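Note sheet for the following structure.
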Amino acid sequence: MTSYDHELNVALLAVQRATLLTKSVFHSHAKGTLNKSDASPVTIGDFGAQALIISALQHNFPDDEIVAEEEAKDLRGDEGKTTRETVWDLVKGTKLEDGKAEEVLGGALKSDESMLDIIDKGASQGGSKGRIWAIDPIDGTKGFLRGGQYAVCLALMVDGDVKVGVLGCPNLPVSDSEPLEEGIGADASDEEGKFGVLFSAVQGKGAHSRAFSKAGLQEAHSIQMSPLKNISDATFCESVEAGHSSQGDAAAIASKLGITKPSVRMDSQAKYGSIARGAGDLYLRLPVRKDYVEKIWDHAAGDLIVREAGGMVTDVEGNRLNFRLGRTLKENKGVIAAPKDVHSKVIEAVKEVLAGKQ
Ligand SMILES: Nc1ncnc2c1ncn2[C@@H]1O[C@H](COP(=O)(O)O)[C@@H](OP(=O)(O)O)[C@H]1O
Ligand SMILES: [Mg+2]
Ligand SMILES: [Mg+2]
Ligand SMILES: [Mg+2]
């Protein structure tokens with residue numbers, strides 16, 4: 001049996017290095033935001049983090065395929081020159097303060113031209129065969145721009161099954177027992193040692209968290225979802241962006257379950273990490289539009305981390321997320337994550353509320 005120890009080590013270090021880059025972009029305050037064809041934002045941080053992660057994967061696993069969110073199109077040609085130069089400066093200037101760790105990642109990229117090609121190596125169509133990495137270089141770009149939560153996300157799928165998942169959450173508290181709060185300010189994340197956590201999981205081996213570091217990896221702690229005796233005591237998380245998840249439906253579902261605590265709204269897969277460490281209990285993502293298809297990079301790492309921490313992750317129908325169908329989760333609508341023993345109860349409430357709308 002494959003242990004995935006090397007894959008996990010590379011994934012953790014690659015995410016840690018990319019998170020150093022996104023943190024430095026956050027503090028430079030000029031985020032070079034562009035609007036993509038679907039009107040969603042992308043920043044120099046997204047491009048830079050994707051380049052660093054793919055470069056590390058190619059160095060270690062040259063034959064693996066990669067499905068990544070961003071493409072280098074907007075950085076090519078004269079029009080993209082200024083943004084390209086800024087991204088290149090960032091990529092060139094981001095190193096882990098540990099020579100051995102940098103060596104594992106293959107060190108620096110060669111040139112700005114090669115950086116563009118590396119970014120575009122994330123164009124795989126995905127599927128159900130072989131080894132495929134899914135990368136979301138910044139998940140929750142809107143949260144990143146607001147100074148809220150965001151996550152650097154990386155997962156390895158083998159024959160369509162998520163085997164390794166890593167989430168870098170620079171603005172979440174290090175402590176697993178800290179109460180769940182909405183996005184924190186940029187200043188708070190600067191308090192050295194208090195913020196910044198890496199979540200990880202390997203299939204069959206449980207889920208872990210560790211403090212973020214600028215050098216090598218810190219010591220890991222095992223995490224579990226919180227045991228929930230009464231569903232009415234649950235704390236649930238949902239998106240900050242009302243356009244990403246129906247907050248009205250979530251409120252109706254919570255009320256059906258007798259939940260009285262207000263939701264905790266936070267951007268990104270930080271929601272998966274938070275419930276996996278027991279800081280919250282449920283994650284509800286209810287479709288706003290019938291035609292929206294979820295992307296695999298928005299869920300692959302979080303899905304494994306929550307399941308390895310004792311949870312169950314499905315769509316609104318109660319079906320497992322299907323990562324075998326390409327770049328999107330085209331057979332699933334929405335996401336419902338909960339501790340295993342209460343998940344079916346939550347799905348019942350979800351079905352009742354959604355059926356009542358038709
Ligand atoms: N209409 C929609 N419904 C659901 N998710 C959407 C959406 N439009 C964009 N998204 C996704 O929502 C992600 C953020 O999730 P959240 O709301 O949980 O923070 C975005 O990731 P990026 O920020 O990586 O683009 C994007 O992929
Ligand atoms: Mg995006
Ligand atoms: Mg995303
Ligand atoms: Mg993204």
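As the structure lists them, so they are numbered: ligands from 1, and atoms in each ligand from 1. The model shown is predicted, which means the values in this text are computed figures rather than measured ones.
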Is any N or O atom of His244, backbone or side chain, closer than 3.5 Å to an N or O atom of ligand 1?
yes
Near Gly140 (heavy-atom distance under 4.0 Å), the atoms of ligand 1 are 22 (P), 23 (O), 24 (O)
Ranked by distance from atom 18 (O) of ligand 1, the top protein heavy atom is Lys271 NZ, 2.6 Å
Using a 4.0 Å cut-off to any heavy atom of Asp136, which atoms of ligand 1 qualify?
24 (O)
Between Leu325 and Val67, is there a shared hydrophobic cluster once you connect ILVMFWY residues whose side-chain heavy atoms come closer than 4.5 Å?
no
Can a cation-pi geometry be assigned to Arg131 and Phe61, taking NZ or CZ under 6.0 Å from the six-membered ring centre and within 45° of the ring axis?
yes
Non-hydrogen side-chain atoms of Tyr272 and Tyr283 separated by less than 4.5 Å
yes
To make sure I understand the geometry: which N, O or S atom in Asp298 is closest to the Mg ion (ligand 3)?
OD1
Could you find the nearest protein heavy atom to atom 11 (C) of ligand 1 and give me its residue, atom name and distance?
Tyr292 OH, 3.3 Å
Quick test of your reading of the structure: of Gln269, Glu241, Glu294, Arg285, whose heavy atom lies closest to atom 15 (O) of ligand 1?
Arg285
Ligand-side contact atoms (ligand 1) for residue partner Gly243, heavy atom cut-off under 4.0 Å:
1 (N), 2 (C), 3 (N)
For Asp267, atoms of ligand 1 separated by under 4.0 Å from a heavy atom
19 (O)
Mark yes or no for whether Gln125, through its side chain, and Ala123, through its backbone, hold a donor-acceptor pair below 3.5 Å.
yes
Looking only at heavy atoms of Ser40, does any of them come nearer than 4.0 Å to an atom of ligand 1?
no
Side chain, backbone, both or neither: which applies to Ile138 and ligand 1 if a contact is any heavy-atom pair less than 4.0 Å apart?
backbone
Protein N, O or S atoms under 2.8 Å from the Mg ion (ligand 2)
1
Tell me, which protein residue and heavy-atom name are nearest atom 25 (O) of ligand 1, and how many Å apart are they?
Glu69 OE2, 3.1 Å
Counting both backbone and side chain atoms, is some N or O of Ser268 under 3.5 Å from an N or O of ligand 1?
yes
So for ligand 1, is Asp298 a polar contact partner (N or O within less than 3.5 Å, distance only)?
yes
How far apart are the closest heavy atoms of Ser175 and Arg277, and which atoms are they?
O-NH1, 3.3 Å
Could you tell me if Asp117 and Ser114 have a donor-acceptor pair between their side chains, going purely by distance under 3.5 Å?
no
Heavy-atom proximity to atom 21 (O) of ligand 1, best of Thr141, Val240, Val288, Asp139:
Asp139
Report yes if Met266 has an N/O atom closer than 3.5 Å to an N/O atom of ligand 1; otherwise report no.
no
Taking all non-hydrogen atoms of both residues into account, name the closest pair between Glu69 and Arg327 and its distance.
O-NH2, 4.2 Å
Atom 16 (P) of ligand 1 - nearest protein heavy atom and its distance
Ser239 OG, 3.4 Å
